Q: 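Provided herewith is a single structure, encoded as structure tokens, for subsequent inquiry.
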Amino acid sequence: MPIRNISVGHPQEATQMDALKAALAEFISTLIFVFAGEGSGMAFAKLTDGGANTPAGLIAAAIAHAFALFVAVSVGANISGGHVNPAVTFGAFVGGNITLFRGILYWIAQLLGSTVACLLLKFTTGGLTTSAFALSSGEGVWNAFVLEIVMTFGLVYTVYATAIDPKRGSLGTIAPIAIGFIVGANILAGGAFDGASMNPAVSFGPALVSWSWENHWVYWAGPLIGGGIAGLVYEFFFISPTHEQLPTADY
């Protein structure tokens, strides 16, 4: 059972050099991701003079986030695992793949990375607003809550299948692009309804810098629940003592 593998770790772990390097990698990767993703939305707003979102804007956001996450995961993969997302870190924790203390260190780094990215965007754009995630007209808060659970489940499940599963083999080489693609696809599916966050850090930075917290809990609770379920499901059903890799001919 995955729950048996959960480890709290030791407080001293947070002061070890490898853990601090991993946290720094998470900070930088999250900064890169949020700067490009949030920046693409701010650029669209500037080009349209604050106009309403359009299908073209949604496609642009999906592409920007997919590309940026591909890079962010790639540059952090060999140091921290390239989580770039508290929901991914939580999913890894409930599956027994990271200790609680290291996970908290990652969370702090990810939230700081997002906040610094938004502050840099606000400064470099002459004070433009870093728009916080919000529900679209007609979208209920519980609808958005379930939507975030489902989308984040897909994201963290993809992370497990391509990056965490010890039997992933050569599939691990495409993990960053697969993770970027699922985020881009989910933005196309859910972006028109609640912005498709799937990432509490991505939601936190803009909300803090713009000081806009309406329905903010949705962008924490949904992703954490979805990520946690994905971690438990993948660990329980696919990473267990009985999990055997299929012969190559069976693929």
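Everything numeric in this text was worked out from a predicted model, so none of it was measured.
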Q: Which heavy-atom pair separates Met151 from Gly190 by the least distance, and what is that distance?
A: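 Closest heavy-atom pair between Met151 and Gly190: SD-CA, 4.0 Å.
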Q: So, applying side chain to side chain contact (heavy atoms under 4.5 Å, CB included) with Pro176, which one of Val71, Val75, Val73 is it?
A: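 Going through the options one by one, the only one that passes is Val73.
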Q: Looking only at side-chain N and O atoms, does Thr130 offer a donor or acceptor that is under 3.5 Å from a partner on Ser210?
A: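 Side-chain D/A pair, Ser210 to Thr130: absent.
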Q: Taking the side chain from Glu148 and the backbone from Met198, do they hold a donor-acceptor pair closer than 3.5 Å?
A: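 A pair under 3.5 Å: yes.
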Q: I want to know whether Phe133 and His216 have ring centres closer than 6.0 Å.
A: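 Judged by ring-centre distance (under 6.0 Å), Phe133 and His216 do not meet the cut-off.
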Q: Ignoring hydrogens and angles, tell me if any N or O in the side chain of Ser114 forms a donor-acceptor pair with the backbone of Ala201 under 3.5 Å.
A: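 Yes, Ser114 side chain to Ala201 backbone: donor-acceptor pair under 3.5 Å.
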Q: Testing the 3.5 Å rule here: is there a donor-acceptor pair between the side chains of Thr89 and Gln110?
A: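 On atom types as modelled, these side chains qualify, holding a pair under 3.5 Å.
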Q: Mind checking whether Trp213 and Trp220 have ring centres under 6.0 Å apart?
A: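 That pair fails the under 6.0 Å test.
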Q: Given side chains that start at C-beta, do those of Phe193 and Asn143 come closer than 4.5 Å, heavy atoms only?
A: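 They are not in side-chain contact.
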Q: So, Asn215 side chain and Val141 main chain: donor-acceptor pair closer than 3.5 Å or not?
A: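 Side chain of Asn215 to backbone of Val141, a donor-acceptor pair under 3.5 Å: no, none is there.
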Q: Without swapping roles, check the side chain of Glu26 against the backbone of His83 for a donor-acceptor pair under 3.5 Å.
A: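 Such a contact is found between Glu26 side chain and His83 backbone.
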Q: Counting N and O atoms only, with roles assigned by atom type, does the side chain of Tyr160 sit under 3.5 Å from a partner on the main chain of Gly91, one being a donor and the other an acceptor?
A: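 Checking the backbone N and O of Gly91 against the side chain of Tyr160, a donor-acceptor pair under 3.5 Å is found.
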Q: Under a 3.5 Å distance rule, please check whether Asn199 uses its side chain to pair with a backbone N or O of Val84 as donor and acceptor.
A: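 Such a contact is found between Asn199 side chain and Val84 backbone.
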Q: Where the side chain of Glu214 meets the backbone of Leu135, is there a donor-acceptor pair that is under 3.5 Å apart?
A: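 Here the side-chain-to-backbone pair does not exist.
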Q: Going by the rule side chain to side chain contact (heavy atoms under 4.5 Å, CB included), which residues pair with Ala43 if we only count those two or more places apart in sequence or in a different chain?
A: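 Once residues adjacent in sequence are excluded, Ala43 has no partner under the side chain to side chain contact (heavy atoms under 4.5 Å, CB included) criterion.
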Q: State whether the side chain of Thr173 and the backbone N or O of Ser170 hold a donor-acceptor pair below 3.5 Å, judged by distance alone.
A: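 It does hold such a pair.
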